[in-house]
Amino acid sequence: MDNPEPLTEIQQLEQIRQRLVQFIGTLEGRGSIAHYLDQYDPMPNWPLLQTSFNNATAALQSLNTIISTDENQALLRSMHVHPLPTMKKQENDNVVSSLLRKKLETDAEEFVEDARKRGEAIRDREPGTGMSTQELRELWEWAGPAANDIAKAVLVDGQDVEGEDSEEGDEEGDEEDDKGNEMDTETMCAAEQMTPLEDILRFSMTGKEPEPRTAPVERPARR
Amino acid sequence: MHEILLFGQVPDLRHESVLKILAGLAAMQPQRVIERHAIYRPYRGQVQRASIHTGGSQVVQNAKVNRQEPQVKDLYYTKLVQSLTDDDLNSEKLTVQSNGKSTAGSWSFQFHDVPEPSMKQASQRMVAITAINEGDPNAWMNALGYNYLSEHILEGHRVVHENVIVLLHRLLRFPPEMRSRQAPREQLLPLNDLNPFKAQTGYVIQASIRISEPKPEIIKKALAELTKFKDQVKGIVDLTVVDRLSLDTRIK
């Protein structure tokens, strides 16, 4: 579609295109939030959501860095879409119409406008004032209990905690599904490293050295 | 006396903050607790046990039989506990003189029974504590038919909230080359020179209520209060029922 130009410009475009593809992948592909939301019912567990969110943000960030370099900005501003006559309209109808559209789609336009307003509001704020009291209160009222729940769900998996079997059963199941998840495994290791309480108590009562255990020992049923 | 117990574990990193929270909850300054626990094993136990022994895997049955007879207390590990202060640990002087008299804190004889199997919501066990006012505790124990086995130092803090006694502690012991084999060590060591019982033990939190008699209504009341406390500290420490066999003091 573009006139044959020095390779660098094509490369520039290719760079941007790659970042875009990557970003779209994190939004729609396997491992994206949308993907997990489809797969899990009622909800995917939080480490999954956080990982996919992080991936998406990272991709968006790198896209942003690429687009906002001076050369790329200049290139993008000066570039125009020009379909060649040989391009088949029937086959590429969608692509052509969205490429030739000068204005954004209506909902996208509203979204961009809204985002711009919010961005400006944040920028216009006095430096150092940060969020308003109202916003802070909202955040903390939500964040406190939420973080607590999350920590519990993760720690419970590694630790010997009794009496929560019924409640935590589901979450534990989910977490076992992705042992590969980094954050998950790390926290679990931290919890597992603690000497089992039973060993400590046994030592305190009888002076017996705990037996070395490699695998988690099956514990006798007590209920 | 009976004890109703729940246990939990606190990582080293959180020890300070948990202690502060407990102090705030109980509205009292945590009391420093340093105790030296010397564990004794009866040497006459073997003989008695042999007479009861009837066959292969009778251990559980034996225990049942044993509990009905008072004198088979001999089959249990028993402790001598000496309460100490930071000064005792740091002082150069001997805590047990050559005539057996203790210059540091007082000793007591403590017997802990195996927790009751019937109790599910917490561990309940019989505890007998007898203060030893004078004399050589080790010699006394030997005369009673007990041999010194090992010792460790319990270090931590205690707070009392309503009827719940909360003990946040860890176990330390002397470095291997300094452990005594016959009797409790005569000289103590400063806290920093003691080894933790194991790497990564964290601190153990023990919440207990002591009741004089195991009457059902008293137990019920104590349990209710302990459960209330458990709910109060939920999210700070998880108090749980431990395997009763981990508190087993029987000699196997």
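Residue numbers start from 1 in every chain, and the chains themselves are labelled A, B, ... in the order their sequence lines are given, proteins ahead of strands.
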Exceeds 12 heavy-atom contacts within 6.0 angstrom, atom CG of A:Asp70: no
Are there over 12 heavy-atom neighbours, none belonging to A:Arg137, within less than 6.0 Å of that residue's CZ? no
Hey, does A:Met205 have a side-chain heavy atom less than 4.5 Å from the side chain of B:Tyr76? no
Please look at [X] and chain A and tell me whether the side chain, the backbone, both or neither of the residue comes under 4.5 angstrom of a heavy atom of that chain.
X: B:Asp248; answer: backbone
X: B:Leu247; answer: both
X: B:Arg170; answer: neither

How long is the gap from [atom1] on [X] to [atom2] on [Y], to the nearest 0.5 Å?
X: A:Lys208; Y: B:Ile39; atom1: NZ; atom2: CD1; result: 10.0 Å
X: B:Ser150; Y: A:Phe203; atom1: OG; atom2: CZ; result: 5.5 Å
X: B:His169; Y: A:Ser204; atom1: NE2; atom2: OG; result: 6.0 Å
X: A:Leu201; Y: B:Gln206; atom1: CG; atom2: CD; result: 8.0 Å
X: B:Phe7; Y: A:Ile200; atom1: CZ; atom2: CD1; result: 10.5 Å
X: A:Thr206; Y: B:Ile251; atom1: OG1; atom2: CD1; result: 9.5 Å

Backbone N or O of B:Val242 within a donor-acceptor pair of the A:Glu198 side chain at under 3.5 Å? no
My understanding is that only residues two or more places apart in sequence, or in another chain, count here; which of them pass ring-ring contact (aromatic ring centres under 6.0 Å, His included) with B:His37? B:His152
